[in-house]
Amino acid sequence: KCTAVESRLLQYLYQFLPRTSSPSLPGPPGLFLIGNMMELTHDHLPIHLTNLAQRYGNIYRLKCGHTTMVVLNSTDIIREALVKKWSDFAGRPGSYTGDIVSGGGHTISLGDYNEEWRAHRRLVHSALQRCCQQSLHDVIERQALQLRKVLMDYQGRAVDLSEDFTVAASNVITTLAFGKEYDKSSSELQQLHSCLNEIVALWGSTWISALDSFPLLRKLPNPVFSRLLKEVVKRDEIIRKHLNNYKSQDKINVDAITGSLLQGLEKQQNTEHTEVLLTDIHVHMATVDLLIGGTETTAAWLNWTVAFLLHRPEVQTRVHEELCTVLEGRYPTYSDRHRLPVLCSLIHEVLRLRPVAPLAVPHRAIRDSSIAGYFIPKNTVIIPNLFGAHHDPTIWTDPYSFKPERFLEGGGGSTRALIPFGGGARLCLGESVAKMELFLFTAYLLRDFQFIPPESEASLPDLKGVASVVLKVSPSQF
Ligand code: HEM
């Protein structure tokens with residue numbers, strides 16, 4: 001046992017120990033200059049990084065130009081970095097292209113950890129909380145009923161539902177943000193979606209990420225990058241128009257997030273001792289965050305649910321029977337979730353197999369630290385491989401199989417090992433919105449519809465999907 005003085009002394013001496021006393025991180029050998037860049041060009045990066053974990057372990061490093069990335073592949077290791085040592089790893093790596101899509105780092109999702117970011121996140125978090133308490137359930141219920149009507153109108157025809165799911169998820173966010181919902185045929189809505197979709201897809205492409213690691217490439221013509229710039233300008237015009245319309249209303253509705261944010265700004269500007277001054281740019285970029293974060297993710301998850309259910313129709317039948325027995329004909333409410341274990345097991349299993357943000361968003365070490373006993377120097381980029389953690393064979397039996405029953409009593413699966421929303425200071429800002437949406441949309445859909453493949457087994461959807469920032473199902477018809 002050592003005294004407080006001795007332990008202080010040991011701590012003091014520890015900082016002078018050579019860093020090599022910590023084992024060096026394993027990782028694949030790299031090529032001269034480009035390092036492990038080629039590892040990042042695989043068409044399904046989450047699967048590739050998970051396969052590398054089989055060879056190099058649950059924590060390994062990749063080098064890309066001058067950047068060192070550390071990939072974390074188990075829930076425990078990810079929690080150690082994101083939750084236990086959140087204050088060491090709450091940063092975001094700055095990047096040339098990230099700065100462009102985030103209006104100079106002013107989004108919550110890509111902004112680095114500092115006082116301004118903290119004030120911004122606090123402002124948006126409390127606006128979202130307030131708005132969720134007042135209207136979230138009603139807003140989702142209305143969209144679920146609207147989605148039901150759209151599906152009824154198909155009268156059993158084979159259709160690709162992805163657009164309908166996107167409209168439903170997007171309408172939840174636009175109603176929360178602006179108090180406004182759209183019709184599927186609205187040109188404004190289509191413009192907004194195509195532009196947000198393009199930005200997410202283009203930004204995830206190798207042509208764009210190469211510009212971050214190799215500045216010389218920025219001097220060469222790059223049509224993909226030109227498209228990205230055009231889409232960002234378009235996005236900003238659409239959002240600016242919305243915000244201006246909103247502000248021009250006689251009375252600002254503070255029940256909607258935008259109103260609450262604008263009111264928050266006003267309050268803050270009237271406070272004398274604020275160290276950080278948030279402005280309209282922060283409201284603008286928070287809207288971008290909510291629209292991007294809240295539309296494609298939820299829609300992709302709904303598509304995955306239908307795709308998996310087509311492969312195991314008996315699960316669909318079990319959920320339907322549970323809904324009929326428990327609800328006795330009425331529509332579900334969020335408080336019913338405790339009485340619907342089969343439905344919840346389905347939600348958890350889809351989140352496990354297809355965490356829709358499979359590599360979360362990269363983190364940055366804001367100071368020297370360690371993970372799993374390895375020394376991690378300041379500025380190392382941390383990739384939480386959520387997909388890998390959800391397929392960790394030491395935690396999940398038969399990790400690649402769709403088995404919702406693993407989450408039912410005696411099934412052996414634990415929701416504690418799930419980490420689809422990340423954790424710590426950067427925990428998904430929309431986690432509670434997403435959870436309620438996943439529950440209510442799925443319950444409404446499976447109460448009234450049965451999803452079947454159009455013709456034969458041959459037309460069952462491919463379950464590998466397409467991985468970019470968001471992990472999506474390849475388009476198909478149900
Ligand atoms: C961040 C997952 C829905 C808004 C994230 C992150 C993940 C995630 C993994 C990154 C966490 C990290 O960096 O460690 C999901 C999943 C969703 C979902 C699985 C649905 C199934 C939503 C919704 C919204 C939203 C509905 C908005 C209402 C955000 C924002 C961030 C974020 C703003 C950035 C947080 C920050 O950097 O501080 N989400 N999300 N997400 N999400 Fe979500």
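Order of appearance sets the numbers: ligands from 1, and atoms from 1 within every ligand.
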Legend entry - Close approach, Y113 and ligand 1, non-hydrogen under 4.0 angstrom: no
Inset, instruction - Mark up the atoms of ligand 1 that fall under 4.0 Å of a heavy atom belonging to W117, in ascending order. - result: 38 (O)
Legend entry - Close-contact set for ligand 1 against R121 heavy atoms, below 4.0 Å: 35 (C), 36 (C), 38 (O)
Inset, instruction - Enumerate the atoms of ligand 1 whose separation from the nearest heavy atom of I108 is less than 4.0 angstrom. - result: 36 (C), 37 (O), 38 (O)
Legend entry - Sub-4.0 Å atoms of ligand 1 with respect to non-hydrogen atoms of A434: 3 (C), 20 (C)
Inset, instruction - Say whether L386 and ligand 1 are in contact under the criterion: heavy-atom distance to a ligand atom below 4.0 Å. - result: yes
Inset, instruction - Indicate, as side chain, backbone, both or neither, the part of E431 found under 4.0 angstrom from ligand 1 when only non-hydrogen atoms are considered. - result: neither
Inset, instruction - Return a yes/no value for D289: is any of its N or O atoms, backbone included, closer than 3.5 angstrom to an N or O of ligand 1? - result: no
Legend entry - Separation of L445 CG from T305 OG1 (nearest 0.5 Å): 9.0 Å
Inset, instruction - Assert yes or no for the condition that the ring centre distance of Y246 to H242 is strictly below 6.0 Å. - result: no
Inset, instruction - Flag the pair F225 / Y96 as yes when their ring centroid distance falls below 6.0 Å, and as no otherwise. - result: yes
Legend entry - Proximal ligand 1 atoms for I173, defined as those under 4.0 Å from one of its heavy atoms: 28 (C)
Legend entry - Minimum side-chain heavy-atom gap H120-H106 below 4.5 Å: no
Inset, instruction - Can you pull out the closest protein heavy atom to atom 8 (C) of ligand 1? Residue, atom name and distance to 0.1 Å, please. - result: C428 CB, 3.6 Å
Legend entry - Criterion ring pair (Phe, Tyr, Trp, His ring centres under 6.0 Å) against H348, the qualifying member of W301, F439, F407: F407
Legend entry - Pair F402 + H311: ring centers closer than 6.0 Å: no
Inset, instruction - Identify the protein heavy atom lying closest to atom 22 (C) of ligand 1, giving its residue, its atom name and the separation to 0.1 Å. - result: G293 O, 3.1 Å
Legend entry - L427 N/O under 3.5 Å from ligand 1 N/O: no
Legend entry - Pair D392-S74, side-chain donor/acceptor within less than 3.5 Å: no
Inset, instruction - Mark up the atoms of ligand 1 that fall under 4.0 Å of a heavy atom belonging to L82, in ascending order. - result: 14 (O)
Inset, instruction - Please write down residue, atom name and distance for the protein heavy atom closest to atom 4 (C) of ligand 1. - result: G430 N, 3.7 Å
Legend entry - Expected output: side-chain R337 to main-chain Y334 donor-acceptor under 3.5 Å: yes
Inset, instruction - Would you give the length of the straight line joining atom CG of L228 to atom CH2 of W203, rounded to the nearest 0.5 angstrom? - result: 9.5 Å
Legend entry - Taking atom 3 (C) of ligand 1 as the reference point, the nearest protein heavy atom with its distance: T297 OG1, 3.4 Å
Inset, instruction - Look at the rings of W396 and H390 and say which category their plane angle falls in: under 30° parallel, 30 to 60° tilted, over 60° perpendicular. - result: perpendicular
Inset, instruction - Heavy-atom contacts with P420 under 4.0 Å: which atoms of ligand 1 show up? List them by number with element. - result: 2 (C), 9 (C), 19 (C)
Legend entry - Check: A417 main-chain N/O paired with T75 side-chain donor or acceptor under 3.5 Å: yes
Legend entry - Identity of the nearest option to atom 13 (O) of ligand 1, non-hydrogen atoms only, from E437, M436, R92: R92
